[in-house]
Novice: 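Have a look at the structure that comes next, please.
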Amino acid sequence: MMLAAATVGLLVAMLIVLARAIAGPSLYDRVLAVNSFGTKIVLLLAAMGFLSGRPDFLDIALLYALINFIGTLAVLKFFRYRHLGVASPSDGKAETTR
Amino acid sequence: MSLLAAILAGMFLAAGAIFVLIGSFGLWRLPDFYTRLHAAGITDTLGLSLMLVGMMFLGGWTLVTVKLVFIMLLILLTSPTATHAVANAAYTVGLRPFGVPPEDLAEKDR
Amino acid sequence: MLHALVMGTSLAVFWLLLSGYFTSSLLLSLGALSVVVTVYLALRADKHDGERVALRVDPPLVRYWIWLVIEIVKANIDVAKLILSPTMALSPRMVRVKATQPTDVGVVIYANSITLTPGTVTVDIDDDEFVVHAITQAMADGLTDGDMGDRVTALGAR
Amino acid sequence: MELLINTVLLGLLGITAIAILMTRHLFVATMLSGGYSLTSAALLVSLDAVDVAFTEAAVGAGVSTVLMLGTLTLTRRREKVQKEFRWSPLLVVTVTGALLIYGTVDMPAFGDPNAPALLHIVPEYIAGTRDDIQIPNIVTAILASYRGYDTLGETAVIFTAGVGVLLLLGRRREEDEEAGTRRPERDA
């Protein structure tokens with residue numbers, strides 16, 4: 001019962017965060033929102049596993065937690081160095097805030 | 001599942017969901033990127049941990065609980081790194097924080 | 001050699017816990033193969049960069065974790081109150097905090113602890129100084145009095 | 001409950017897709033499509049297609065975000081604004097869409113146990129997996145053993161595509177090094 005209520009809460013939270021991801025205004029707000037969205041998806045997957053009575057689905061939640069982290073780091077590496085290869089410090093300031 | 005475990009699970013889940021909601025609400029309400037970082041932190045630490053602990057009570061002493069512990073440790077270890085990376089990227093390009101007194105900022109950002 | 005053994009054992013335990021297959025001989029042998037390959041790759045990587053980060057769990061670290069969890073809960077409630085209050089009395093600050101930890105691991109633990117606590121986020125690191133964004137004046141003051149830093153230093157992280 | 005989750009997730013997908021269409025900023029589109037992959041994988045889990053969800057999470061949210069970022073380093077950050085409206089692409093898309101929808105009319109209903117695909121060989125697979133292959137997961141057994149050559153071919157195609165992408169992206173980097181420092185773009 002409480003699990004269902006918590007799931008509804010998660011879904012509402014996801015809507016709010018998605019609104020922030022779309023509204024921006026800066027790129028960093030969007031990265032933060034998508035990262036936070038990912039955390040909520042992990043929780044939602046775990047909750048869905050319990051709701052359907054098959055908690056084995058947690059494997060996917062675990063995979064998500066990993067992917068979400070790696071994805072965020074890749075995005076930020078791209079921000080700071082402008083490419084995904086070897087970092088060159090001179091490129092760090094090329095990005096403006098929007 | 002004993003009644004006590006069910007009640008504990010319900011309490012933890014409810015508290016976690018409330019914190020997740022507050023964090024998301026803060027992400028929407030707070031005025032700028034740097035303050036929103038803190039709201040995202042609420043979701044990532046207390047909201048997430050409380051909900052996962054609640055699910056551990058649902059799972060009982062099984063491999064499910066072990067996996068939940070792994071998920072929790074993984075997120076608690078990686079989320080500060082991700083948060084720092086976003087904050088650092090924004091700071092490096094000189095995104096200006098809202099409401100910070102000017103003497104706090106480095107020369108170039110004033 | 002000991003390093004490889006410890007790593008192999010913990011990987012095997014990890015595999016068993018995640019998969020939950022304890023009986024099928026085919027799956028167990030495949031799991032063992034993957035453990036061996038992983039250890040081999042990790043040892044090769046060790047030779048390449050020579051950096052090993054050992055996992056250490058001892059009473060001082062556990063005590064620090066418990067203290068940190070309590071701090072995080074307190075900070076969470078403070079920030080949650082701030083978000084829900086109708087006026088949102090923010091007084092954001094950027095403060096500089098000295099990291100007194102002698103080792104890299106200590107500095108990382110300190111910086112991550114600051115970030116993990118809502119209300120304070122490590123924004124930049126110059127040598128041994130952190131630039132920290134705090135959401136209120138009180139949070140900034142709580143950080144600059146150096147309690148957390150002293151505790152991390154006292155861990156004596158190698 | 002399940003209905004509610006599915007509805008909200010579908011709604012999120014719709015909102016994200018429209019937001020991706022509306023934005024002219026390619027980086028924002030990349031970020032949002034990462035979120036889109038995460039959501040659609042959650043939807044696949046709730047449809048019980050766990051293996052597809054696994055792939056969607058790893059490929060959709062992980063690899064393709066990185067690939068799109070890699071592409072963004074080679075191109076501009078903003079979509080070019082099309083000045084005049086052109087009818088021919090709209091016509092092509094509409095006709096193709098209509099044909100696809102027409103095609104689905106003949107398909108069996110969603111989850112129909114009497115669908116032709118489920119009657120012919122699947123019962124044999126389900127009955128045989130435990131003794132023939134001795135792997136607990138039927139999907140894995142079908143993909144890696146019964147249809148092993150199929151999977152090998154698919155993997156070869158994906159590997160080739162990956163190598164191709166790496167060659168394209170890698171060549172650009174060497175050119176950069178020859179050209180020295182790059183001019184910073186300010187169009188973000």
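Just so you know, these numbers come straight off a predicted model, no measurement behind them. Letters A, B, ... mirror the listed sequences (proteins, then strands); counts begin at 1.
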Novice: Indicate yes or no: at least one non-hydrogen side-chain atom of C/Asp124 is less than 4.5 angstrom from one of B/Thr92.
Specialist: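 C/Asp124 vs B/Thr92: side chains apart.
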Novice: Select one option (side chain, backbone, both, neither) describing which atoms of B/Thr35 are under 4.5 Å from chain C's heavy atoms.
Specialist: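 For B/Thr35, the contact with chain C is made by backbone and side chain together.
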Novice: Tell me, for C/Thr120 versus chain B, whether the close heavy atoms (under 4.5 Å) come from the side chain, the backbone, both or neither.
Specialist: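 Looking at C/Thr120, just its backbone touches chain B.
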Novice: Nearest 0.5 Å, please: how far is OG1 in C/Thr136 from NE2 in B/His38?
Specialist: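 One finds 8.5 Å between NE2 of B/His38 and OG1 of C/Thr136.
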Novice: To check you understand the geometry: which heavy-atom pair defines the closest contact between C/Thr122 and B/His84, and what is its length?
Specialist: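 Reported closest heavy-atom pair: O-ND1, 2.7 Å.
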Novice: So what's closer than 4.5 Å to chain B heavy atoms on C/Ile135: side chain, backbone, both or neither?
Specialist: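 Both backbone and side chain.
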Novice: What residue in B/Pro80, B/Gly26, B/Gly47, B/Gly23 has the most heavy-atom pairs under 4.5 Å with chain C?
Specialist: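 Among the listed options, the one with the most contacts to chain C is B/Pro80.
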Novice: Would you indicate whether the side-chain heavy atoms of C/Leu90 and B/Leu30 approach each other to under 4.5 Å?
Specialist: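 When only atoms from C-beta onward are counted, C/Leu90 and B/Leu30 do touch, with a gap below 4.5 Å.
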Novice: With chain B, which of C/Thr115, C/Val123, C/Leu116 has the greatest number of heavy-atom pairs at distances under 4.5 Å?
Specialist: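 Most heavy-atom pairs under 4.5 Å with chain B: C/Val123.
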Novice: Measure the CG-CG distance between B/Leu76 and C/Leu68 for me, rounded to the nearest 0.5 Å.
Specialist: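 If I round to the nearest 0.5 Å, the distance is 9.5 Å.
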Novice: Rounded to the nearest 0.5 Å, what separates atom CZ in C/Phe22 from atom CG in B/Leu63?
Specialist: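 These two atoms lie 5.0 Å from each other.
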Novice: How long is the gap from CG on C/Leu84 to CZ on B/Arg29, to the nearest 0.5 Å?
Specialist: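 Going from the CG atom of C/Leu84 to the CZ atom of B/Arg29 covers 8.0 Å.
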Novice: Less than 4.5 Å to any heavy atom of chain B: does that hold for the side chain of C/Ala134, its backbone, both, or neither?
Specialist: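 It is the backbone, since no side chain atom gets that close.
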Novice: Who wins among C/Val121, C/Val108, C/Ile77 for the most heavy-atom pairs under 4.5 Å with chain B?
Specialist: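 Heavy-atom pairs under 4.5 Å are most numerous for C/Val121.
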Novice: Apply the side-chain contact (heavy atoms from CB on, under 4.5 Å) test between C/Asn76 and each candidate in B/Leu50, B/Ile22, B/Ile42; give the one that qualifies.
Specialist: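 Exactly one pass, corresponding to B/Ile42.
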Novice: Taking the side chain as everything from C-beta on, heavy atoms only, tell me whether B/Val66 gets closer than 4.5 Å to C/Phe14.
Specialist: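 Counting from C-beta outward, B/Val66 and C/Phe14 never come under 4.5 Å.
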Novice: For chain B, which candidate among C/Ser85, C/Ser113, C/Ala75 shows the most heavy-atom pairs at distances under 4.5 Å?
Specialist: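 Most heavy-atom pairs within the cutoff with chain B belong to C/Ser85.
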Novice: Between C/His133 and B/Tyr91, is any pair of side-chain heavy atoms under 4.5 Å apart?
Specialist: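 Side chain of C/His133 against side chain of B/Tyr91, heavy atoms only: no contact under 4.5 Å found.
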Novice: Counting neighbours of CE on B/Met11 that are heavy atoms of other residues, nucleotides or ligands and sit closer than 6.0 Å, is the number greater than 12?
Specialist: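 Open.
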Novice: Does the side chain of B/Phe25 reach to within under 4.5 Å of the side chain of C/Ile83, using non-hydrogen atoms?
Specialist: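 When only atoms from C-beta onward are counted, C/Ile83 and B/Phe25 do touch, with a gap below 4.5 Å.
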Novice: If I measure from the heavy atoms of chain C, does B/Ser49 come under 4.5 Å with its side chain, its backbone, both, or neither?
Specialist: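 Neither part.
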Novice: Measuring only between side-chain heavy atoms, which start at C-beta, is B/Lys67 closer than 4.5 Å to C/Leu18?
Specialist: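 Result yes, sub-4.5 Å side-chain heavy-atom pair found.
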Novice: Rounded to the nearest 0.5 Å, what separates atom CG in C/Leu17 from atom OG1 in B/Thr65?
Specialist: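 The CG atom of C/Leu17 sits 11.5 Å away from the OG1 atom of B/Thr65.
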